[in-house]
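Input: a single structure, listed below in structure tokens.
Everything numeric in this text was worked out from a predicted model, so none of it was measured. Residue numbering restarts at 1 for every chain, and letters A, B, ... go by the order of the sequence lines.
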Amino acid sequence: MNYLNSLNSAQKDAVENIDGPLLVLAGAGTGKTRVLTTRLAHVLNTHKAMPGELLAVTFTNKAAMEMKERVSHLMGGMPVEGWWLGTFHALAGRMLRRHADLVGLSSNYTIIDPDDAQRLIKQLMEVNSIDVKKNLPKVAIAMIDRWKDRALTPDKITTEEADDFANGKMISLYTQYQDRLKTLNACDFGDLLLHMITIFQTHQDVLDQYHRRFRYIMVDEYQDTNVAQYLWLRLLAQKSKNICVVGDDDQSIYGWRGAEVGNILRFEQDFENARIIKLEDNYRSTQNILNAADGVIAHNEKRLGKTLRSQKGTGDNVIVHGLWDGEAEARWVGEQIEQLQRQGVNNSEMAILVRASFMMREFEERFITLHIPYRVIGGPRFYERMEIRDALAYLRVTAQPHDDLALERILNTPKRGLGNTTVQRLYDHARTAEISLHESIWQLCETDDLKPKQRETLLSLMKDFERWRAAIETTPHPELAGIILDESGYMEMWKADKSVESQGRIENLKELVSAMADFESLAQFLEHVALVMEAQENDSADKVTIMTLHGAKGLEFDCVFLPGWEEGLFPSQRSMDENGLKGLEEERRLAYVGLTRARERAFVTHVANRRTYGNWVNAIPSRFIEELPEDAIESSSDIQPRSMHWDSSGFNPAPKAFIARTETANGLKVGGRVKHPSFGEGTILVIDGNKLDIIFDRMGRKRVLESFIEAV
DNA sequence: CCGGGGTCCATTTTT
DNA sequence: TGGACCCCGG
């Protein structure tokens, strides 16, 4: 097989060891994806299994898509439809469609998104007279999510675990939440796995069916699995024992979301006669970068341990640089970027990886003034946008009348005069009669509980939905979606809207409608959208990337900037307070992930003064900086020794006097209309020396240099 | 149904 | 510091 020739011996070993449990411990940049895809192709090529007999699991849709493409390519363009290759959630969801009745759902159940889940728990908390200000619904839903991560159904929660939150009613709330979901014929993300585990544990015949089907199981990013995912895999693998997991314990950074590093650390004990193959040849980074990363991660106690060997040579030292404050840091990074540009590095080969998103703004502002093109990763996703969620709600109610959450969302959108009082009355009736909102509306419209105006509006809306529903059979679904958005007045609402964003929203809606054409039916589209819909990145321009360290996992760049390496920020204080040593070790893994994203150059910075929540605080360099091996780094600092004298009070004056003015030397005034060569027109908000804060009509608020601005 | 003003609060977020 | 949320007055 010629595809084996390009692999090193450890990789080849991992590809050819097909039977029995196998852990591939794949360090950063050691060709993990390549091993996984080649192995899959190898199983097929050696006729050990047919495509339908393989189960391949990833965490992200992106990873799943990439894997499909690469395997298909290796197999000479073999079609991948119908393969059991996807995310945990997509695969479990697909199984659950077939067996939904075993957990009291019907197969057309809806998958609710985190936003709906939060609204649902909030409603329940209010019904239970829990003060939702003191007990944030966000926290309640997080508790439930964490329980689900550990495969704990309400009956398995101990009083101790539920603690005092929500007047000690969390267990009951969890039960009510699950009941409510069942009534709604809905699942949240965690349920997809949890229900399947329940089914496997209570219906041996169903489990047998999958045992017969799946001869080989492969799992990517195993270090990020939670208990539920682990149990699901274990149940599926217990017969064939042919399970191959790939991962890196040093890159486990989602513990706060329920991931258990323990799963990968324990693999040998969990699966008898398991083999471990370590991939330690690194094809990505220079040895200096690897030494730096290794020096940091070596301080962690709980790890399997491996040492990366660069196949690229020593390279440059990792730069460590201290600066006065965040502004100086952004300025310095900007200068380095300009210098690298002059050396011929593409913008798209440079990235700023921050610990927390609030740190992004300072870089954005600086890049705007310097005209460095950049892209921020981590804004709201396509399907999280208001207009998309609204449109989906219309489609969901059309497809499934009893989807209460969707119906509630659009009942008064666009405004129809159905205010809070009406909705509350409908809900009260629904609850007492134990019926859905949809039924409740029909019933109440036959009484005179509601005012005639509301009754008419509701009846007309319900008739609209009936009409659209009837059209599902006869009208192609993208066309139907267009009709719905039109006839409901939703599209009109945005067309009439004069705000800056409305044009973008209309375009998003059009994009949604055209995206539907890729699916066979409305139902199939809705199934897909809940789990998979992503913002399409049609932005191929050459830009510097600004993103969080978490977002950067799996990516690589020539040059990586790692700002904010300060105690309290990185490692994050909260992480350490809440999770102690475990938290600190996860932060350290984050540092490891950050450094190993770099191919050629890495720049670590820290500042002496960081502004957080509006006040200035002194900062000391992160302990991770001390952990960097001296001979792999080159250290310098702009911080004047003088600055060390006035610390400790916690209340320092701002580093620079800020004198507010209302007019610039050239006569531009606050409130005046101006024009910028790349951002278009806007209004001056604040004047700060030669810098202006301007609200641009199309781009929002930005800080720019006066020299680029002219009055309109 | 809207906007003004006060208050409270702050990480990371694959599905 | 600034954004999200809520209450109240028009």
Decide whether a cation-pi geometry holds between R610(A) and W616(A); the criteria are a distance under 6.0 Å from NZ or CZ to the six-membered ring centre and an angle within 45° of the ring axis.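 That pair does not qualify as a cation-pi contact.
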Does the cation-pi check pass for R97(A) over Y109(A), that is, NZ or CZ under 6.0 Å from the six-membered ring centre and within 45° of its axis?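 Checked: cation-pi criterion met.
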Regarding [X], tell me which of base, sugar-phosphate or nothing describes its non-hydrogen contacts under 4.0 Å with the strands shown.
X	result
N412(A)	sugar-phosphate
F358(A)	nothing
S575(A)	base
E578(A)	nothing
D224(A)	base
R361(A)	sugar-phosphate
K415(A)	sugar-phosphate

Under 30°, 30 to 60°, or over 60°: which ring-plane class applies to W494(A) and Y490(A), parallel, tilted or perpendicular?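 Ring orientation of W494(A) relative to Y490(A): perpendicular.
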Report yes if a side-chain nitrogen or oxygen of S357(A) is closer than 4.0 Å to either non-bridging phosphate oxygen (OP1 or OP2) of dT12(B); otherwise report no.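 It does, given that an N or O in the side chain of S357(A) lies less than 4.0 Å from OP1 or OP2 of dT12(B).
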Consider salt bridge (charged side-chain N to carboxylate O under 4.0 Å, His left out). Of R389(A), R385(A), R409(A), which one does D113(A) pass it with?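 Filter result, single survivor: R389(A).
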